[in-house]
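Step one of this worksheet: look at the structure below.
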Amino acid sequence: MASPKRENPSHFIRHRIDEDLKTHKYEGRVVTRFPPEPNGYLHIGHAKSICLNFGLAAEYGGTCHLRFDDTNPIKEELEYIESIKADVRWLGFDWGKHLYFASDYFDQLYAYAVQLIKAGMAYVDSLSTAEIRRYRGTLTSPGINSPYRDRSVEENLALFERMRAGEFDEGTHVLRAKIDMASPNLNMRDPVMYRIMKMPHHRTGHTWCIYPMYDFAHGLSDSIERITHSICTLEFEDHRPLYDWFLDALHVYHPTQIEFARLNLTYTVMSKRKLLKLVEQGHVSGWDDPRMPTISGFRRRGYTPEAIRNFCERIGVAKRDSMVDVALLEHCLREDLNKRAPRVMAVLKPLRLVIENYPEGRVEMLDAENNPEDPTAGTRKVPFSRVLYIEQDDFMEDPPKKFFRLAPGREVRLKHAYYVTCTGVKKDEETGRILEVRCTYDPDTRGGWSDDGRKVRGTLHWVSAAHALKAEIRLYDHLFIKENPEETETDQDFRANLNPRSLEVLFPCRVEPGLAEAAPGSRYQFLRQGYFCVDPVDSSKDRLVFNRTATLRDTWAKIQQAGRQGFRP
RNA sequence: UGGGGCGUCGUCAAGUGGUAAGACACAGGAUUUUGGUUCCUGCAUUCGGAGGUUCGAAUCCUCCCGCCCCAGCCA
């Protein structure tokens, strides 16, 4: 990789690690972890965390663990574990042998709990869920001690053992840390450490009927794995005192928890709950719908892991809540694909173009450059004949001044081919709809160039009607119509902002014959249109399906927009 | 009205007492066989506000304002 790398942006977590390295807090080690709960698909917010954790580890010569935080069997499924691993791998990261599960530590965690009971720092509470809530107090008033708070160590030990043995029903007992019911931090008001759940676990089976809570399990899992920097999102800031409390109480190895702001992106939602709702209610076709901000959605949409990684580096890491413009993500994608994607011609909304002076039955194979940004990409042959398809948008019968595409009497270049001059149009007598455009070509302009100094303003893409392949093309737009879908009128939710035009399916579009061989998932630039990929799920030899990953920047569209607004009274 | 955080350009974001980086977006212009790419140029006399300390403040102090998070036997 000789490409000139951007210098790594400065951010507070790098500063913290630098500082710890300087003071030898962790003997020069850097060990991070990405700790997903296997209860849903990963989204681009997770990608930020993955890039941060794996990226930092790589940068400092350390390691990053992939650890599944699987402490709640009712919400978690095997299926998610595989999708998460696939997504992390696809993003380009490798956990090597460091694949772990919090459930692997259940025995150790149980022993730690017993140790806390013996130290008088944990007790079995027999209050009901509702009572526990009531005893906890509120934001502004302190909680009160449970009547079971002062059970003897022996009694607690016996009760906890019986909880484990399955002697009690769910909800009848919990193990709580004995901290401070009057703490202004609600997390410190005797947090629950274990609850009874008579539910088999996807990895430990029927071994357990009590499961540890996040706050107890997470920090200790970090400790067991000798993590140095435990990076999580802002909402856990209030949990840090508790994270530290368990580690200190048990006198075990103590990682540092550091919190950063989660990613928000314009025109989309990011919470698992909301994404699940979109899937379940059929607003999208699934977790991997190309409009979803999931990793699998972006993958199917045609995004590259490089673009996503670059995006994650560019957005930075900080503690303030923010909403990143999705235009930056699109920019990263275009920047990557501009260099790599082969150019190809595809007509989305076909309009017949007949070249009156081109011999019937004649076919020429013209040379076309595969990528002007990459001289090594070579050329290909494209068939040219008397009847072509051009884009409907590339012809206007009565064009405005700034339109420099095809119109009666106007001359344009057909990319890689010839100059053509429009001689007229053929219309449906009744509807007035344009059926085809007629033109003549200049045989001296083969390849799309004339040495006589003649200037043509426009260059059009095209396909030969007799040779082109039919294809289905799916045009995607933002899933929501508002930058912040959360902004709604009272008594409606984010679904009210769903974009009814987020998907437009075009068929039959006409594409270059060479695309018959296009591999699923392969990416192209459709000249003058945008970046597209072969849909890895629905495309087949019989029915080619392309997804639009992103449009090209479109100055003409902007001019039109400005014009329309200008004419508004 | 308890506690924990956070406020620097439209959006991200550097900056850690020496006189406001960069990116995206936006607006002009040049080049162009993609109205793409590339290339120039412009875009915060000012850092939520008000005082104060200092030769000097986005950086230190005081007060105020605004936004986010926490009352799961979820993570």
Side-chain angles (χ1 to χ4, degrees), chain A residues 6-7 9-11 15 35-37 39 69-72 74-76 125 127-129 132-134 136-143 170-176 183-189 191-197 210-211 213-215 217-218 232-241 259 261 263 266 272 311 314-332 334-335 338-339 343 345 369 372-373 402-405 413-417 419 445 447-449 456-461 483 525-530 551-559:
Chain A
R6 236 179 294 266
E7 207 170 290
S10 164
H11 66 235
H15 295 326
E37 183 190 12
N39 71 342
D69 228 328
D70 54 351
T71 57
N72 185 354
I74 64 169
K75 288 168 61 183
E76 296 154 8
D125 195 1
L127 250 26
S128 70
T129 308
I132 286 181
R133 190 182 312 126
R134 209 171 322 123
R136 185 155 33 225
T138 68
L139 293 178
T140 50
S141 61
E170 289 186 12
T172 57
H173 304 274
V174 290
L175 183 72
R176 301 178 72 175
S183 172
N185 181 345
L186 304 222
N187 294 121
M188 301 300 270
R189 320 243 260 227
V192 173
M193 293 165 60
Y194 270 91
R195 76 286 216 192
I196 298 168
M197 288 177 117
I210 57 172
Y211 292 94
M213 298 284 291
Y214 168 86
D215 286 305
H218 197 91
C232 61
T233 44
L234 249 31
E235 68 271 27
F236 292 103
E237 214 150 19
D238 287 340
H239 295 239
R240 191 176 352 119
E259 312 83 13
L263 170 66
T266 55
K272 275 188 198 168
F311 170 76
R314 287 218 223 176
I315 55 176
V317 180
K319 296 194 71 154
R320 66 186 87 106
D321 293 310
S322 62
M323 183 169 291
V324 176
D325 193 339
V326 72
L328 178 59
L329 214 209
E330 288 164 0
H331 168 83
C332 292
R334 294 189 186 108
E335 184 177 62
N338 175 51
K339 291 178 297 191
R343 271 59 167 174
M345 293 195 284
E369 188 180 32
E373 303 297 316
K402 288 179 186 159
F403 183 86
F404 44 89
R405 278 113 95 146
R413 168 169 41 241
L414 295 178
K415 181 81 176 176
H416 309 306
Y419 289 3
T445 57
W449 187 248
V456 285
R457 295 274 287 173
T459 299
L460 273 42
H461 62 276
E483 281 200 3
Q525 184 196 105
F526 286 0
L527 225 56
R528 302 207 304 135
Q529 295 285 359
T551 61
L552 251 28
R553 290 186 66 220
D554 191 348
T555 314
W556 170 237
K558 262 182 211 166
I559 293 169

Give the rounded distance in Å between these two atoms: [atom1] of [X] and [atom2] of [N].
| X | N | atom1 | atom2 | answer |
| --- | --- | --- | --- | --- |
| A:Met188 | B:G72 | CE | P | 18 Å |
| A:His331 | B:C12 | NE2 | P | 17 Å |
| A:Arg136 | B:A71 | CZ | P | 8 Å |
| A:Asp325 | B:C26 | CG | C1' | 11 Å |
| A:Asn187 | B:C73 | CG | C1' | 15 Å |
| A:Glu235 | B:C69 | CD | P | 10 Å |
| A:Leu460 | B:G36 | CG | P | 15 Å |
| A:Lys339 | B:U38 | NZ | P | 10 Å |

Does a side-chain N or O from A:Arg195 land closer than 4.0 Å to OP1 or OP2 of B:G72, or not? no
If you compare every side-chain N and O of A:Thr555 against the phosphate oxygens of B:G36 (OP1, OP2), does one of them come in below 4.0 Å? yes
What nucleic acid atoms does [X] come within less than 4.0 Å of, heavy atoms only: base, sugar-phosphate, or nothing?
| X | answer |
| --- | --- |
| A:Leu263 | nothing |
| A:His461 | nothing |
| A:Lys402 | base |
| A:Val174 | base |
| A:Ile559 | base |
| A:Ser183 | nothing |
| A:Ser322 | sugar-phosphate |
| A:Val317 | sugar-phosphate |
| A:Tyr194 | nothing |
| A:Phe236 | base |
| A:Phe403 | base |
| A:Ser128 | base |
| A:His15 | base |

Measure across [X] and [Y] and return the closest heavy-atom pair with its distance rounded to 0.1 Å.
| X | Y | answer |
| --- | --- | --- |
| A:Lys272 | A:Asn39 | NZ-OD1, 2.6 Å |
| A:His11 | A:Val317 | CB-O, 3.5 Å |
| A:Met323 | A:Glu483 | SD-O, 3.7 Å |
| A:His239 | A:Asp215 | ND1-OD1, 2.7 Å |
| A:Leu527 | A:Lys415 | CD2-CG, 3.6 Å |
| A:Trp556 | A:Phe403 | CZ2-CD1, 3.4 Å |

Distances for protein N or O near nucleotides 2-9 of chain B N or O, under 3.5 Å:
residue: B:G2; atom: N9; partner: A:Leu139; partner atom: O; Å: 3.3
residue: B:G2; atom: N2; partner: A:Pro184; partner atom: O; Å: 3.3
residue: B:G2; atom: N3; partner: A:Leu139; partner atom: O; Å: 3.1
residue: B:G3; atom: N2; partner: A:Asp238; partner atom: OD1; Å: 3.4
residue: B:G3; atom: N2; partner: A:Asp238; partner atom: OD2; Å: 2.7
residue: B:G4; atom: O2'; partner: A:Asp238; partner atom: OD1; Å: 3.3
residue: B:G5; atom: O2'; partner: A:Glu237; partner atom: OE1; Å: 3.2
residue: B:U8; atom: O4; partner: A:Arg320; partner atom: NH2; Å: 3.4

Between [N] and [M], how far apart are the two [atom1] atoms, rounded to whole Å?
| N | M | atom1 | result |
| --- | --- | --- | --- |
| B:A25 | B:G36 | P | 13 Å |
| B:A21 | B:C47 | C1' | 14 Å |
| B:U19 | B:U54 | C1' | 14 Å |
| B:C9 | B:A14 | C1' | 13 Å |
| B:U1 | B:U59 | C1' | 32 Å |
| B:A30 | B:A44 | P | 24 Å |
| B:U37 | B:C24 | P | 11 Å |
| B:G18 | B:G29 | P | 41 Å |

If you only use heavy atoms from C-beta on, which nucleotide in B:C12, B:C69, B:G72 is closest to the side chain of A:Arg133? B:G72
A:Lys75 has its side chain closest, among B:G35, B:U11, B:C74, to B:C74
Has the side chain of [X] got a donor or acceptor atom that lies under 3.5 Å from a matching backbone atom of [Y]?
| X | Y | value |
| --- | --- | --- |
| A:Asn185 | A:Asp238 | yes |
| A:Arg133 | A:Ser128 | no |
| A:Ser183 | A:Met188 | no |
| A:Arg528 | A:Thr459 | yes |
| A:Thr266 | A:Val326 | yes |

Per-nucleotide protein contact string for nucleotides 27-34 of chain B (B base, S sugar-phosphate only, - none; heavy atom under 4.0 Å): S-----BB
Within 90° of 0 counts as syn, otherwise anti: where does B:G72 fall? syn
With side chains defined as the heavy atoms from C-beta onward, is the minimum distance between A:Arg334 and A:Thr551 less than 4.5 Å? yes
pair A:Asp325-A:His331: side-chain heavy atoms closer than 4.5 Å: no
Would you please name every residue forming a salt bridge (charged side-chain N to carboxylate O under 4.0 Å, His left out) with A:Glu235, sequence neighbours left out? A:Arg262
Is the ring centre of A:Tyr214 under 5.5 Å from the base ring centre of B:A75, and are the two planes under 30° apart, so that they stack? no
Quick test: give all pairs of protein nitrogen or oxygen and nucleotides 20-22 of chain B nitrogen or oxygen below 3.5 Å, distance rounded to 0.1 Å.
none

Taking both distances under 3.5 Å as the test for a Watson-Crick or G-U pair, what stems of at least three pairs does RNA chain B have? B:2-7 with B:65-70, B:10-12 with B:22-24, B:26-30 with B:38-42, B:48-52 with B:60-64
So does A:Arg343 pair up with A:Glu369, basic N to acidic O under 4.0 Å? no
For the pair A:Met197 and A:Asn72, evaluate side chain to side chain contact (heavy atoms under 4.5 Å, CB included) and give the outcome as yes or no after the intermediate values. CA-CA 9 Å; A:Met197 288 177 117; A:Asn72 185 354; 3.1 Å; yes
By side-chain contact (heavy atoms from CB on, under 4.5 Å) - contacts of A:Asp321 (at least two apart): A:Leu234
If you assign each of A:Thr266 and A:Val192 to its closest nucleotide in RNA chain B, which residue comes earlier from the 5' end? A:Thr266
